[in-house]
Amino acid sequence: MEILAYFFILIGVLSFLISAIGLLRMPELYTRMHIGTKATTMGTFFVVLGAIVLQPSWSAELILLTIFIFMTNPLSSSVIARAAHTDGARLEVDDLDKDIR
Amino acid sequence: MFEFFNSPEVINIIVIIGSMLLFFVGLFGLLTQKHIIKIFMSIAIMETAVYLFFIGSLFKLDAIAPIMKVADDTSKFNDPIPHAMILTAIVIAMAVFALGVSFAIEYYKLSGKTNIDTMNEMRH
Amino acid sequence: MSSVLFVALPLLFGFSTPILGYFGKNAVAYVSTLMQLFLLYLGFDLLLNEGFSIELISIAPPLGISFVVTKVSLLFVLLFTSVMTLFSLYYLSYRSEKPYRDESKFFILINMLLAASIGLVLSSDIFNIYVFFEIAGISAYILSAYEKSSSALEAGIKYLITGAVASIFLIFAIVLIYIYIGSLNLGIIAQHFELLPFQIKLLISILLLIGFGFKVEIFPLNFWVSDVYQGSSTLVNALFSAIVVKAYLFVFFHLLYLFLPHGEFSLFLIYLGAFSMLAAEVAGLRQSHLKRLFAYSSLGQVALVFTAFALQNTQAIQAALFIVLAHSVAKMGIFFALALIEKEHESMESETLKSLNSPFLRVILLISMLSLLGIPLFAGFVGKLLVLKSLALEGMLPIIMMIILASLIEAVYYFKLAGYMFTSDKRRDVLKVTWAHKTILAFLSLLLLIIGMAPFLLSEYLFEASKLMLGGVS
Amino acid sequence: MSIKRSLSTLTLSGFTLSALLILSFINILLQNVATNIERAGDGLLKLNSSEGVANVVTTVVVYFRGFDTLGEIAVLFIASLGVGLMLERNTECTIKVQSNFMLQSASKLLFPIIIIFGLYVMIYGHLSPGGGFQGGVLVASAVLLLLISNKDLEVPHAVISALETLAGVSYVLIGLMGLLLSDVFLFNFLSPNIADFGLLLSGGIIPIVYIIVGIKVGSEMGFIVQNLLKRSDDV
């Protein structure tokens with residue numbers, strides 16, 4: 001059971017890692033925002049799942065937490081995307097990425 | 001699993017090296033970055049490293065959060081002073097950061113500059 | 001009466017300004033000045049009645065915070081309060097012609113600055129000192145950017161960045177102190193500081209030196225000072241050089257005497273101070289902007305005080321206290337006069353002084369500059385003489401040479417300014433100075449002359465104060 | 001290619017300088033491990049059982065080191081004043097773009113949850129983790145959510161100002177009351193009863209002060225947020 005919990009947590013942490021790498025590697029704002037929110041939403045879900053398996057007595061709070069994150073995370077990403085679109089961000093390689101290449 | 005980490009020495013080494021590396025990132029940014037906002041970010045990173053170092057160094061593995069159930073049990077609690085100090089320090093740092101950002105916004109509106117190297121209209 | 005009122009009343013005033021705003025435009029200004037007069041009365045009351053007291057806050061030390069009132073901290077408290085009162089009185093008549101934008105905020109800021117400087121001097125808890133360090137810092141950043149011109153904002157940003165970096169190093173030192181000693185009370189830390197491992201002691205000392213070094217304007221860390229003085233408004237500069245630096249200097253050396261009573265770094269600090277004085281005066285020689293020039297002169301004087309304090313003996317500390325008093329009074333006079341000149345001529349280049357047509361202001365500026373220079377019969381002379389004397393007793397000839405060289409360089413640019421003033425081509429009308437301004441400026445100059453001619457009035461008190469400061473009462 | 005270009009002298013010297021500094025820090029800290037000495041926190045823990053409330057951090061923040069908290073509030077107050085001073089021009093300019101439907105409906109759902117949670121954290125700060133600062137920031141974030149979802153909404157300045165004044169003045173007055181009644185600034189003059197330990201009404205002035213702190217922090221943060229928001233579009 002404990003192995004399963006750590007397995008879930010590992011998956012979650014890996015997706016956090018992927019999202020961090022993606023934030024650095026993606027070429028422009030929209031894809032960067034995409035990887036920054038989607039992967040972390042999944043990562044949080046798996047970390048919380050692992051915690052539920054590890055400590056079943058905390059499951060009520062943890063489920064509430066997950067619901068809250070599922071509600072707010074996509075919302076914030078959509079607001080950021082909309083603000084960027086209104087501000088005139090284009091689908092092209094920007095300065096941040098040029099520094100890394 | 002992971003019993004290796006359950007010793008105070010290992011935790012201490014991890015905390016010292018990790019927080020000092022973070023401090024390094026902030027100091028490096030402070031010395032090399034030119035954009036005002038990036039300088040503020042570097043300062044914030046350095047502050048965070050100090051807080052992390054403090055909380056981590058005084059963290060005891062076998063102690064619990066200092067919330068008492070009855071009036072007379074005092075053992076087995078973590079030291080409350082680091083929490084209180086860092087709470088104060090975080091709020092102060094946040095206030096300074098907000099003030100700095102507002103200075104930077106206003107300066108940018110007036111002169112169009114964000115680079116610290118070009119801020120030299122007073123030198124002659 | 002309680003010394004906590006020095007901090008509590010300005011905070012109460014600051015928080016309650018929206019209420020005071022309902023009572024008309026002038027209410028805030030008058031209440032602020034009345035409160036400062038009351039604090040001045042409080043200070044003299046404490047001086048006459050008790051002289052020494054420990055004021056508890058919440059719970060007893062060493063676990064809680066306390067305020068320690070001694071003769072030396074009371075000296076600084078009285079200095080700050082009277083400087084601020086004079087500033088307010090001066091501003092009350094200045095504001096009818098050229099008030100600051102959003103005046104009530106300006107009054108809040110100067111009172112917060114006062115409260116924080118007094119708290120820095122009185123507090124005996126190192127984390128509380130950090131909090132006051134930040135309050136004084138933030139009010140100073142906003143005051144220097146207050147005019148919202150691009151040069152004022154540039155000054156504010158530079159001040160803010162250096163201040164934030166300084167506070168990181170300070171809090172790092174506090175964190176190490178708490179981890180290795182386990183207390184925040186200055187007295188307890190002073191008892192245990194000797195027993196620390198050498199490397200930790202060195203690390204804490206260096207962190208404290210960097211953290212306070214930015215604020216006490218010592219050589220490699222003072223690059224921001226001239227920009228801040230030039231960008232800020234002239235009146236506010238009087239506060240910067242008369243209050244802010246002095247409070248940080250006191251705290252730095254108070255901590256130094258407590259933690260390292262045997263003077264481990266003494267020689268290093270003396271050379272640092274003398275070198276920063278020389279560097280500041282050399283840099284000041286090339287300046288043509290008046291505020292920038294007086295910023296460098298301020299740096300030089302502060303470095304002289306630093307050298308004297310670093311000698312770590314009673315006579316040198318007494319000399320340092322003399323210079324602190326003389327420098328505060330003289331710089332106030334200079335910046336107050338410069339504010340009037342700036343309002344009339346709208347330029348701060350040193351050639352402006354050529355067209356200055358007001359015999360009164362010329363005399364005031366001349367007296368203040370002579371005092372800064374250390375000419376006999378003026379207040380600056382006593383301090384400088386005592387510093388040189390105690391240096392000679394220690395046998396530090398190179399330092400004496402450096403200080404004399406720096407003073408000669410300083411003399412060059414003061415006499416250049418005096419030359420500008422007294423060869424003026426009186427084509428302008430006479431600059432009108434109101435009677436209130438005349439009274440205050442004349443009072444300041446008179447004070448310089450009195451201290452200069454009769455130093456024995458103060459020397460006994462200052463001697464006792466310096467003994468207390470060196471003895472490290474906490 | 002650009003990595004080569006960006007390795008300028010400045011970068012190299014900055015890297016070397018900070019690396020040397022940090023390596024010596026790590027070295028010193030690793031060689032001198034902190035011992036388990038008696039620290040001030042242990043004394044405060046013992047003192048807490050006779051004078052404090054269940055959450056010891058709250059007692060330390062509000063009472064044992066309450067003077068720091070007063071100073072901290074002053075810092076926040078000055079900072080929000082400075083932000084207001086810097087960004088006060090053209091207060092009539094607002095956000096030009098209406099927010100989308102998703103944000104509007106979600107804010108209607110989330111606002112009550114966040115504000116109730118914030119108030120809970122604020123009021124129960126002396127019994128459970130949390131307190132005035134955290135609760136105040138939560139309330140301010142709820143207000144921020146409302147502000148970005150509804151462009152016409154403006155929190156009336158007079159209300160924020162009144163709350164802020166009331167909270168700040170009453171904090172100092174509570175301190176002065178202690179000075180008046182027992183010659184100690186910020187003294188707990190409501191004499192906490194040990195029998196009430198762990199109840200909502202326990203600890204004398206501690207919960208009152210923490211709620212005041214929460215109101216103050218919430219109003220200051222709301223003020224800063226509103227100022228920064230109203231200016232964000234024309235930069």
Side-chain angles (χ1 to χ4, degrees), chain C residues 2 4-5 7-12 14-19 55-60 62-65 67 101-102 105 108-109 112 115-116 119 123 125 127-128 130-132 134-135 138-139 141-142 145-146 148 153 156 176 178-185 188 192 196-197 199-200 202-203, chain D residues 24-25 27-29 31-32 34-35 37-44 46-47 51 62-79 81-86 88-89 158 161-162 164-173 175-176 178-179 183-188 216:
Chain C
S2 167
V4 184
L5 290 179
V7 175
L9 285 185
L11 286 186
L12 186 64
F15 291 150
S16 64
T17 30
I19 301 177
E55 194 83 37
L56 310 187
I57 295 161
S58 305
I59 53 170
L63 293 180
I65 301 164
F67 267 15
R101 207 164 36 82
D102 239 332
K105 288 186 179 173
I108 295 175
L109 288 174
M112 291 291 182
S123 181
D125 183 282
F127 192 66
N128 203 10
Y130 167 77
V131 172
F132 284 122
E134 287 288 332
I135 302 178
I138 291 191
S139 353
Y141 314 148
I142 304 177
Y146 204 87
K148 268 169 74 170
L153 280 164
L176 285 178
Y178 187 74
I179 289 175
Y180 285 95
I181 296 179
S183 177
L184 297 169
N185 185 284
I188 307 269
H192 291 77
L196 284 181
Q199 289 176 327
I200 295 292
L202 189 71
L203 189 57
Chain D
S24 55
F25 275 21
N27 187 21
I28 292 178
L29 291 174
Q31 280 179 16
N32 304 280
T35 45
I37 50 172
E38 176 92 355
R39 294 199 174 82
D42 304 328
L44 289 183
K46 288 192 188 85
L47 202 59
E51 297 189 24
V62 177
Y63 184 49
F64 295 150
R65 308 191 64 80
F67 204 54
D68 286 346
T69 307
L70 185 58
E72 181 185 355
I73 284 184
V75 169
L76 256 186
F77 172 69
I78 306 170
L81 180 151
V83 172
L85 190 77
M86 285 301 133
E88 78 194 333
R89 271 187 326 204
S161 176
E164 169 191 340
T165 310
L166 195 72
V169 168
S170 47
Y171 194 172
V172 184
L173 284 183
L176 289 176
L179 191 66
D183 278 344
V184 176
F185 190 72
L186 274 175
F187 188 74
N188 195 347
K216 182 88 180 162

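What you are looking at is a predicted structure, and each value in this text was computed from that prediction instead of being measured. In what follows, chains carry the letters A, B, and so on, assigned in the order in which the sequence lines appear, proteins first and then strands, with residues in each chain numbered from 1.
- One distance of note links CG of Asn32(D) with CG of Leu203(C); it measures 9.5 Å at 0.5 Å rounding.
- Contact of Ala116(C) with chain D is not made at all, since no heavy-atom distance falls under 4.5 Å.
- With a 4.5 angstrom heavy-atom cutoff, Phe77(D) touches chain C only via side-chain atoms.
- Contact of Asp42(D) with chain C is not made at all, since no heavy-atom distance falls under 4.5 Å.
- Contact annotation for Leu176(C): only side-chain heavy atoms (C-beta onward) come within less than 4.5 Å of a heavy atom of chain D.
- In this structure, the side chains of Ile57(C) and Val184(D) stay at 4.5 Å or more apart for every pair of heavy atoms.
- Side-chain contact between Tyr180(C) and Ile37(D) is absent, with no heavy-atom pair separated by less than 4.5 Å.
- Contacts of Ser16(C) with chain D are made by both backbone and side-chain atoms, with heavy-atom separations under 4.5 Å.
- When all heavy atoms of Met86(D) and Ala145(C) are compared, the pair lying nearest together is CE-O, 3.5 Å.
- The line from CE of Met112(C) to CD1 of Ile78(D) is 5.0 Å long, rounded to the nearest 0.5 Å.
- Considering only heavy atoms from C-beta on, Asp125(C) stays 4.5 Å or farther from Phe67(D) through its side chain.
- Judged purely by atom type and a 3.5 angstrom limit, Ser58(C) uses its side chain to pair as donor or acceptor with the backbone of Tyr63(D).
- When each of Leu196(C), Thr17(C), Leu56(C) is scored by its heavy-atom pairs under 4.5 Å with chain D, the top score falls to Leu56(C).
- Atom CG of Asp183(D) is surrounded by 12 or fewer heavy atoms from other residues, nucleotides or ligands within 6.0 Å.
- Proximity to chain C is limited to the side chain of Leu176(D), based on heavy atoms less than 4.5 angstrom apart.
- When atom types are taken as modelled, the side chain of Tyr141(C) and the backbone of Gly82(D) share no donor-acceptor pair closer than 3.5 angstrom.
- In terms of heavy-atom proximity, Ile28(D) sits nearest to Gln199(C) at CG2-CB, 3.8 Å.
- Of all the heavy atoms in Ile65(C) and Arg65(D), the pair that sits closest is CD1-CA, 4.1 Å.
- At a 4.5 Å heavy-atom cutoff, the contact between Tyr178(C) and chain D is made by backbone and side-chain atoms alike.
- Interface residue Gln31(D): only side-chain heavy atoms are found under 4.5 Å from chain C.
- Of all non-hydrogen atoms in Phe15(C) and Thr165(D), the two that sit nearest each other are O-CG2, 3.3 Å.
- Interface remark: Ile108(C) contributes side-chain atoms only to the contact with chain D (heavy atom separation under 4.5 Å).
- The minimum heavy-atom distance between Ala40(D) and Ser183(C), with the atom names listed, is CB-CA, 4.4 Å.
- With a 4.5 Å cut-off on non-hydrogen atoms, Asn128(C) touches chain D through its backbone and its side chain both.
- Both the backbone and the side chain of Leu44(D) come within contact range of chain C, with heavy atoms under 4.5 Å apart.
- With a 4.5 Å cut-off on non-hydrogen atoms, Leu47(D) touches chain C through its side chain but not through its backbone.
- In this structure, the portion of Leu179(D) lying under 4.5 Å from any heavy atom of chain C is its side chain and not its backbone.
- The contact between Leu153(C) and chain D is made entirely by side chain atoms (from C-beta outward), counting heavy-atom distances below 4.5 Å.
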